[in-house]
Number of protein chains: 2
Amino acid sequence: MWKLDADRPIYMQIVERIEKQIISGAYGSGDRIPSVRELAAQAGVNPNTMQRAMTELERKGLIAGHRTRGRVVTEDREMIEERRGYMAKEMIREFLWQMRELGFDKEEILPLLRQEVTDDV
Amino acid sequence: MWKLDADRPIYMQIVERIEKQIISGAYGSGDRIPSVRELAAQAGVNPNTMQRAMTELERKGLIAGHRTRGRVVTEDREMIEERRGYMAKEMIREFLWQMRELGFDKEEILPLLRQEVTDDV
DNA sequence: CTTATTGTATTAAGTCATTAATACAATAAT
DNA sequence: ATTATTGTATTAATGACTTAATACAATAAG
């Protein structure tokens, strides 16, 4: 059973989870992805929901599949690397934006972060 | 019309928006909050939805209101400050976690962030 | 006292995500 | 050829969020 919350659509959370696994290399290029039924069982969701997530991942070009061979992670490593950089940049910008919305100044943020990093997590 | 997306419940997004305004001081302690009807018109949502957001903000103790005088931001400045610190810490941890999920090492993150900060946004 | 403002409650309808239960289609494995 | 696996499609039911349209209650303001 995967950790999913009720705040956002489950299929979206699944898409993001698997996308991150692909980007980080947990799923490598060409790796086979478990069947819809198996993933659904693992995640503890309905097969229809998992199917929807798969369709979305295919639309994004992250995975591809033929009829009965199941699905595999795209061989386009460059695209994955691009996506990794893009997501990191977006994440950083979003983080900085959120912190400024809380009233934190640019200069305050780095020290706070450095402390959290050295404290380890 | 406020910037709201369809991914998550609107009332939650409103709660977060106003909570941030309180925490950052855009709404100060004791400040009066516009009426449900007025806020709903501003945001472009149904009054019921805005009402729900208000109820949630009251539950959190961020605002309080009596019958026909409307609502005001809590006078408990200490609580607001605590909440600001807590949210910042959570935000930082979440950010670091997400970056690690993308496969970024602790050491890589700070330089990336420093660059984004100095480039300004 | 009367009126306007504000919070609150109610009922109904529509949309969307999710679950559930099946069924069918294509193909790899035997 | 037969069977099992996998992807895909369909239909129905449920629940949550949202909009809509009102109505009522309390009280500040006149």
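Computed from a predicted model, the values in this text were never measured in an experiment. Numbers restart at 1 for each chain; the letters A, B, ... are given by sequence-line order, proteins then strands. Quick note: numbers below take in every heavy atom, side chains included, and nothing from hydrogens, waters or symmetry partners.
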> Rounded to the nearest 0.5 Å, how far does CD1 of A:Ile92 lie from CG of B:Leu112?
Replying inline: 4.5 Å
> Tell me: CD of B:Gln13 to P of D:dC17, nearest whole Å?
Replying inline: 13 Å
> To the nearest Å, how far apart are A:Asn46 CG and D:dA13 C1'?
Replying inline: 12 Å
> Is the shortest side-chain N/O distance from A:Thr55 to OP1 or OP2 of D:dT8 below 4.0 Å?
Replying inline: no
> Between C:dT8, D:dC17, D:dT8, which one does the side chain of A:Gln51 approach most closely?
Replying inline: D:dT8
>> Taking atom types as they are modelled, would you say the side chain of B:Arg37 forms a donor-acceptor pair with the base of C:dG7 within the 3.5 Å cutoff?
In response: yes
> Regarding B:Arg32 and the six-membered ring of B:Tyr27, is the cationic atom NZ or CZ under 6.0 Å from the ring centre and inside 45° of its axis?
Replying inline: no
> Can you find a side chain N or O atom of B:Arg52 that sits less than 4.0 Å from OP1 or OP2 on D:dC17?
Replying inline: yes
> Atom CD1 of A:Ile14 to atom P of C:dA17: distance rounded to whole Å?
Replying inline: 13 Å
> D:dG7 P sits how many Å from A:Met54 CE, rounded?
Replying inline: 9 Å
> Nearest nucleotide by nearest heavy atom, which residue falls closer to the 5' end of DNA chain C, A:Thr68 or A:Val45?
Replying inline: A:Val45
>> Any side-chain N or O of B:Arg32 below 4.0 angstrom from OP1/OP2 of C:dT6?
In response: yes
>> Let's see if you can work this out: which of C:dG7, C:dA9, C:dA17 has an atom nearest to the side-chain heavy atoms of B:Asn48?
In response: C:dA9
> Which whole-number value in Å describes the distance from A:Glu38 CD to D:dT6 P?
Replying inline: 7 Å
> Could you state the CE-P distance from A:Met12 to C:dA17, rounded to the nearest angstrom?
Replying inline: 7 Å
> Does one side chain, of B:Gln13 or B:Lys3, offer a donor that lies under 3.5 Å from an acceptor on the other?
Replying inline: no
> So do B:Val15 and B:Arg52 actually touch side chain to side chain, heavy atoms under 4.5 Å?
Replying inline: no
> Taking CG from A:Asp7 and C1' from C:dC16, how many angstroms apart are they, rounded to a whole number?
Replying inline: 16 Å
> Should A:Ile22 and A:Ile63 count as side-chain neighbours, where that means a heavy-atom distance under 4.5 Å?
Replying inline: yes
> Between A:Arg8 (CZ) and D:dA16 (C1'), how many Å, whole number?
Replying inline: 17 Å
> What nucleotide among C:dT8, D:dA28, D:dT8 has an atom nearest to a side-chain atom of B:Arg71?
Replying inline: C:dT8
> Closer to the 5' end of DNA chain C via nearest nucleotide, is it B:His66 or A:Gly44?
Replying inline: B:His66
